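Every heavy atom of this structure was used, including side-chain atoms; hydrogens, water molecules and symmetry mates were not. Here the structure is a predicted model, which means the values were calculated and not measured.
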Amino acid sequence: QVQLQESGPGLVKPSQTLSLTCTVSGGSITTKNWYWSWLRQPPGKGLEWIGYIAYSGNTYYKSSLKSRTSISRDTSKNQFTLQLSSVTPEDTAVYYCARRNFGSATSTERGGSWGQGTQVTVSS
C-alpha cells in the first residue's frame with residue numbers, strides 16, 4: 001500500500017542543481033529496515049542507483065556521484081529529497097524514488113516499491 005511520487009522541475013540548466021522530492025504515502029520513511037533510494041535511467045541506458053537515505057537517516061551514495069549528491073528528508077512531511085549539483089546534459093534521465101529492503105538498497109534491479117518516475121532534462 002506504499003505509494004511514492006516524484007516531483008520537481010523537468011528542466012534544469014547546466015551547472016545548476018537538480019532538486020527532486022519524493023512524497024511517500026501509506027508508510028512512514030522512518031519505519032525500521034526500509035531504505036529510500038533515488039535511481040535514474042538515462043535515455044537508451046540502464047538504471048543507475050544514485051543513493052539512499054535509510055530509515056535511520058543515514059545516507060549512502062554511489063561513489064562516482066557522491067561529491068554532487070545530497071539526499072535529505074522531512075519526516076514531518078514524509079518526504080525525501082534529492083539534490084544533484086553541477087548538472088550536465090549527461091544527467092538527463094528519468095528519475096525514480098523507491099523503497100527497498102537492505103538486500104536491495106543499492107540494487108539497479110527494479111525491486112521494491114517505486115514511483116512513476118519523472119523526466120529531468122538538463123539543457124540550456
Side-chain angles (χ1 to χ4, degrees):
Q1 68 274 25
V2 172
Q3 292 184 311
L4 301 86
Q5 183 167 321
E6 305 88 348
S7 61
L11 181 65
V12 183
K13 296 185 182 301
S15 81
Q16 294 186 339
T17 296
L18 181 159
S19 296
L20 297 173
T21 296
C22 183
T23 300
V24 179
S25 62
S28 173
I29 60 174
T30 63
T31 297
K32 290 183 178 179
N33 299 325
W34 289 113
Y35 295 76
W36 304 89
S37 293
W38 285 101
L39 305 96
R40 67 183 183 181
Q41 187 167 29
K45 299 181 180 179
L47 284 167
E48 179 183 25
W49 175 78
I50 299 169
Y52 69 64
I53 185 163
Y55 60 95
S56 62
N58 183 55
T59 56
Y60 186 54
Y61 309 117
K62 183 176 180 179
S63 296
S64 60
L65 296 173
K66 183 178 180 180
S67 66
R68 298 196 291 133
T69 306
S70 179
I71 299 175
S72 59
R73 67 182 184 177
D74 185 336
T75 58
S76 68
K77 296 180 179 179
N78 212 36
Q79 296 177 330
F80 63 103
T81 300
L82 170 69
Q83 292 187 295
L84 183 66
S85 66
S86 303
V87 298
T88 73
E90 291 187 350
D91 294 309
T92 294
V94 177
Y95 284 75
Y96 299 92
C97 58
R99 185 191 72 170
R100 279 104 163 272
N101 60 26
F102 177 75
S104 62
T106 63
S107 176
T108 57
E109 297 180 26
R110 196 175 283 263
S113 299
W114 291 61
Q116 65 186 18
T118 186
Q119 173 70 45
V120 179
T121 299
V122 179
S123 176
S124 61

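- Judged as a ring-ring contact (aromatic ring centres under 6.0 Å, His included), not a single pair has a partner in residues 5-32 (not counting sequence neighbours).
- Checked against ring pair (Phe, Tyr, Trp, His ring centres under 6.0 Å), Tyr95 has no partners two or more places apart in sequence or in another chain.
- Residue pairs meeting the disulfide (SG to SG under 2.5 Å) criterion with at least one member in residues 18-56, sequence neighbours excluded, are Cys22-Cys97.
- Not a single side chain to side chain contact (heavy atoms under 4.5 Å, CB included) links Gln5 to another residue, sequence neighbours left out.
- For residues 17-36, every residue pair satisfying the side-chain hydrogen bond (donor to acceptor under 3.5 Å, both in side chains) rule, not counting sequence neighbours, is listed here: Thr23-Gln79, Ser28-Thr30.
- For Ser15, there are no side chain to side chain contact (heavy atoms under 4.5 Å, CB included) partners two or more places apart in sequence or in a different chain.
- Listed by chain and number, the residues in a salt bridge (charged side-chain N to carboxylate O under 4.0 Å, His left out) with Arg40 are Glu48, Asp91 (sequence neighbours excluded).
- For Ser63, the side chain to side chain contact (heavy atoms under 4.5 Å, CB included) criterion is met by no residue, not counting sequence neighbours.
- Sequence neighbours left out, not one pair with a member in residues 41-86 passes disulfide (SG to SG under 2.5 Å).
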Show me the side-chain donor-acceptor pairs of residues 51-58 shorter than 3.5 Å, one per line, residues at least two apart or across chains.
from	atom 1	to	atom 2	distance (Å)
Ser56	OG	Asn58	N	3.3

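- For Ser85, there are no side-chain hydrogen bond (donor to acceptor under 3.5 Å, both in side chains) partners two or more places apart in sequence or in a different chain.
- Under the rule for a side chain to side chain contact (heavy atoms under 4.5 Å, CB included), Pro9 has no partner lying at least two apart in sequence or in another chain.
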